Protein chains: 2
Amino acid sequence: MITRVESAAATRRALLDAAAGLLDEGGPEAVTLREVGARAGVSRGAPYRHFADKDDLLTAIAARAWNSLADQAVTLGADPDMSTRGKVRAMLAGMLATGRERPHLYRLMHRPPAGPEVLQAAGRSQGPFIAALRDLVGDAQAHRFGAVLLSGAHGAISMEASGQLTRDKWKTDADEILDTLVGLLPAG
Amino acid sequence: MITRVESAAATRRALLDAAAGLLDEGGPEAVTLREVGARAGVSRGAPYRHFADKDDLLTAIAARAWNSLADQAVTLGADPDMSTRGKVRAMLAGMLATGRERPHLYRLMHRPPAGPEVLQAAGRSQGPFIAALRDLVGDAQAHRFGAVLLSGAHGAISMEASGQLTRDKWKTDADEILDTLVGLLPAG
DNA sequence: GGCCTTCAGGTGACATTGTCAACTTTGTAA
DNA sequence: TTACAAAGTTGACAATGTCACCTGAAGGCC
């Protein structure tokens, strides 16, 4: 039997999925509450029963995406068959994959100002990242390295997405930049 | 005497200034063509005499900002009293200053997809940057280093703007990351 | 079982905004 | 002087976010 809260949760999920789909397909301007409602099988006013406003819906999408990356990172961190350096590389590769496969979502995840919901989810994804770096460079340097690696990775992904980082112009791409960044770490 | 083309150019400039001001003050949503027109002293339809649509106006703002950075970079590149490394650092600092003082504009400059107008202006700003790197690491490595430095700088600035890079969390800031990145270069 | 609260959902309405078509005005070239 | 082209204005319209109000049913309480 389907309880009321279950159906409400299902609608909420459907709204998020619909909005994320529209975002992927047509960018931010394609995300209209009317179309979101239609795709989720409800009316144009229904989203207001689950989100304060459009911005709140978009924020929830960003937070969910960060949490998905966080799950990936946690799984990678626990993998006993991978080198620590390999884990770091794989975590950054996960970000790159999101940037390439879902560029609009990736941009939304980095939209300022990041609210507490997004910051917490993003922070959760960075926990295993820092932990891996601690193994490689020690407590004192982990954050310093982490900031440089993460900045470099995000910058490369972002510039590739906007069309500013092309192989034609820079003789390289985001993959190679990630390799270079990870190469800064001592072997491990 | 004021010729017609002069007055048209003045209006165009006034529209750009008004839109850029609104962007700085209230972010992208504050930029409405009606308000832009009002600030520029013309009516709501006037912008269509100078720009194809709102997007075209925003693109022009981004291109102008890139050209301003390019002018800075050209000046720095020609400065005989600065070390090559100092020039590289100063060019990146110029980007950081834009990101901190005018975060909405900075984000607009990196909005995908970057049209040819923006790409050309951005490319102009990167010319002196690559030239400086050639002096430091040679032709073969200049682009590789350039991509890493630029990605790292842009990533740090972007994460700082979105609130993801805080000293509280990462024990560092964009300034220090720029220092670290420039530190990768051989002295010169 | 009957009643009542609560909440998901629907609908009408409204203000804002981007955009276009039609009109007016005014340098400027012929 | 006259005619043209381009700048600017205004009316209109569709799309959209949002709110107020209404409906209906699930589920707790007597």
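This structure is a prediction, so every number in the text was calculated from the model and none was measured. Below, read A as the first sequence line, B as the second, and so on, with proteins coming before strands; counting in each chain starts at 1. Just the heavy atoms: all of them, side chains too, but no hydrogens, waters or symmetry mates, feed the values below.
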Sugar-phosphate only, base, or nothing, as touched by A:Ala46 at under 4.0 Å among non-hydrogen atoms: sugar-phosphate
Positive for side-chain contact (heavy atoms from CB on, under 4.5 Å) with A:Phe145, one of A:Val137, A:Leu136, A:Leu181, A:Leu150: A:Val137
Using only side-chain N and O atoms of [X], determine if any of them is under 4.0 Å from OP1 or OP2 of [N].
X       : N     : value
B:His50 : D:dG8 : yes
B:Tyr48 : D:dG8 : no
B:Thr11 : D:dG8 : yes

Short side-chain to backbone donor-acceptor contact, B:Lys54 and B:Val31, under 3.5 Å: yes
Exam field: side chain B:Trp66 to backbone B:Met109, donor-acceptor pair closer than 3.5 Å: yes
Contacting residues from residues 34-44 of chain A, given that a heavy atom lies under 4.0 angstrom of DNA chain D: A:Arg34, A:Arg44
Interface with DNA chain D, restricted to residues 51-64 of chain A and to heavy atoms under 4.0 Å: A:Asp53, A:Lys54
Given atom [atom1] of [X] and atom [atom2] of [N], what is their separation to the nearest angstrom?
X       : N      : atom1 : atom2 : result
A:Arg12 : C:dC7  : CZ    : C1'   : 16 Å
B:Leu33 : C:dT19 : CG    : P     : 6 Å
A:Arg49 : D:dC19 : CZ    : P     : 11 Å

From A:Lys87 atom NZ to A:Asp81 atom CG, the distance as rounded to the nearest 0.5 Å: 9.0 Å
Geometric class of the B:Tyr106/B:His154 ring pair [parallel <30°, tilted 30-60°, perpendicular >60°]: tilted
Residues B:Arg100 and B:Asp175 bridged, charged N to O under 4.0 Å: yes
Residues B:Lys171 and B:Glu176 bridged, charged N to O under 4.0 Å: no
Residue among B:Gln72, B:Glu117, B:Arg124 satisfying side-chain hydrogen bond (donor to acceptor under 3.5 Å, both in side chains) with B:Asn67: B:Arg124
